[in-house]
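See structure below.
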Amino acid sequence: LMGTAIGERLLGLGHQLVVYNRTAEKTTPLRTRGAVVAPTPVEAVEASPLTILVLAHAQAIHEVLLSALDRVRLEGKTILQMGTIGREESQAIHQVITCQAGDYFEAPVLGSLAEARAGKLLVMVGGTHAQVDRWHDVLHDLGEVFMVGSIGQAATLKLALNQLIASHMTAFSLSLGLVQRSGIPEELFLEILRRSALMAPMFEKKWPKIWARNYANPNFPTRHLLKDVSLILQAARSAQLDTTVLEAIHHILQQTVEQGLGDLDYSSLYEMMVHAGRDGEGPHGEGGAFNA
Ligand SMILES: NC(=O)c1ccc[n+]([C@@H]2O[C@H](COP(=O)([O-])OP(=O)(O)OC[C@H]3O[C@@H](n4cnc5c(N)ncnc54)[C@H](OP(=O)(O)O)[C@@H]3O)[C@@H](O)[C@H]2O)c1
């Protein structure tokens with residue numbers, strides 16, 4: 001998802017791209033726009049001075065890149081990590097890359113496919129000013145750039161922001177469920193919400209999916225939000241913060257994924273919170289109104 005959208009943006013601005021994905025057919029949209037497809041990650045890294053990683057999680061970074069480091073020369077190469085991973089994970093990758101004479105920094109992003117295609121991502125950098133200066137054009141072509149601090153700090157800031165995605169969505173689902181069960185028109189709930197300080201743009205964005213109970217074609221699938229909340233839990237525990245609420249959200253997301261909704265939009269957690277366990281209303285229940 002994000003790798004393709006970021007690639008489309010960069011190709012559209014005239015950057016030359018060599019791309020790799022373990023599932024080769026997923027590179028087709030970028031190949032048809034002019035990217036060269038590398039058959040292996042080693043060949044992708046060797047082809048350019050800058051490699052941008054937009055992988056699912058740290059495990060994927062290990063499988064794609066770190067496991068192949070004995071076959072790639074990293075002198076003069078920069079690895080820019082843009083996925084959502086944990087602070088310690090990013091720091092560990094930094095150590096491995098620099099031990100191999102490579103350069104590493106992180107720039108996780110806020111915003112999704114539309115923002116990536118339009119160059120409107122919020123790009124949070126953990127690294128040095130020299131790295132931001134060197135890769136100024138690429139970073140600024142993707143969006144607004146914020147220098148956060150050292151490696152791991154941008155990763156943490158991104159997790160702090162994604163915590164709000166998970167907590168807003170669960171809070172919205174619960175209120176909506178209460179309104180529905182009480183026979184109050186949802187439109188009235190939304191109309192009052194829109195006029196209040198409680199409205200969040202994400203409620204407006206996700207409402208059509210929830211209303212239609214159709215979570216197909218996600219920009220951001222539930223399984224990634226579960227991964228993020230697991231990382232946020234770890235970070236909050238090591239910061240000695242109260243994690244009671246976060247643990248409950250983690251449980252809801254885990255159940256949503258276990259119900260088979262992991263590849264759907266994360267707003268599908270509404271199904272778990274409002275319809276699960278009710279006869280004929282569950283995501284997979286007989287006669288349920290849920291559309292996958
Ligand atoms: N989607 C968003 O709106 C959004 C926004 C901001 C940040 N992010 C973050 O950006 C990253 C990418 O997200 P996405 O939405 O683009 O996810 P995605 O579409 O699921 O892409 C994940 C990529 O990682 C690869 N991958 C997954 N597991 C792997 C493994 N074990 N070994 C090798 N490759 C593996 C996938 O390969 P295959 O294609 O072969 O599965 C794919 O190329 C994530 O960290 C996500 O949290 C996403």
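Whatever order the structure lists ligands and atoms in, that order sets their numbers, starting from 1.
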Without hydrogens or angle criteria, can the side chains of Y215 and T222 be said to hold a donor-acceptor pair below 3.5 Å? no
Side-chain donor-acceptor contact under 3.5 Å, Y270 with H275: yes
Atoms in ligand 1 flagged as close to [X], the criterion being non-hydrogen separation under 4.0 Å:
X    : result
E63  : 30 (C), 31 (N), 32 (N)
G83  : 10 (O), 11 (C), 45 (O)
N21  : 37 (O), 38 (P), 39 (O), 40 (O), 42 (C), 43 (O)
G111 : 5 (C), 6 (C)
K26  : 38 (P), 39 (O), 41 (O)
S112 : 2 (C), 3 (O)
V64  : 33 (C), 34 (N)

What protein heavy atom sits nearest [atom], and how far off is it?
atom                    : answer
atom 18 (P) of ligand 1 : H224 NE2, 3.6 Å
atom 40 (O) of ligand 1 : T23 OG1, 2.3 Å
atom 19 (O) of ligand 1 : L1 N, 2.8 Å
atom 22 (C) of ligand 1 : A56 N, 3.6 Å

Set out, in order, the CA-CA distance, both residues' side-chain angles and the distance that settles salt bridge (charged side-chain N to carboxylate O under 4.0 Å, His left out) for R237 and E247, then state yes or no. CA-CA 11 Å; R237 282 185 188 130; E247 277 162 33; 3.4 Å; yes
Can you name the residues that form a side-chain contact (heavy atoms from CB on, under 4.5 Å) with V37, not counting sequence neighbours? V19, T27, R31
Hits for side-chain contact (heavy atoms from CB on, under 4.5 Å) against E63, two or more places apart or cross-chain, chain-then-number order -> Q59
May I ask you to check whether M82 has an N/O atom sitting below 3.5 Å from an N/O atom of ligand 1? no
Examine V54 against ligand 1 and note whether any of their N/O atoms are separated by less than 3.5 Å. no
Give the minimum heavy-atom separation between A44 and V18, together with the two atoms involved. CA-CG1, 4.1 Å
Closest heavy-atom pair and its distance - A107, L80: CB-CD1, 3.6 Å
Please work out whether any backbone atom (N, CA, C, O) or any side-chain heavy atom from C-beta onward of H57 is under 4.0 Å from ligand 1, and answer side chain, backbone, both or neither. side chain
If we set the cut-off at 4.0 Å for heavy atoms, which region of R223 has an atom near ligand 1: side chain, backbone, both, or neither? side chain
Considering [options], which one's heavy-atom position lies nearest to [atom]?
atom                    : options               : value
atom 47 (O) of ligand 1 : K158, M2, K227, H62   : K227
atom 25 (C) of ligand 1 : L161, N162, L55, I6   : L55
atom 9 (C) of ligand 1  : D228, T84, L113, N219 : T84

Donor-acceptor under 3.5 Å (Q100 side chain, I97 main chain): no
Is any NZ, NE, NH1 or NH2 atom of the basic residue among [X] and [Y] found under 4.0 Å from an Asp or Glu carboxylate oxygen of the other?
X    : Y    : result
R73  : E46  : no
D228 : K158 : no
D103 : K77  : no

Using non-hydrogen atoms of the residue, decide whether R22 is closer than 4.0 angstrom to ligand 1. yes
Kindly assign one of parallel, tilted or perpendicular to the pair F203 and H168, based on the angle between their ring planes and the thresholds 30° and 60°. tilted
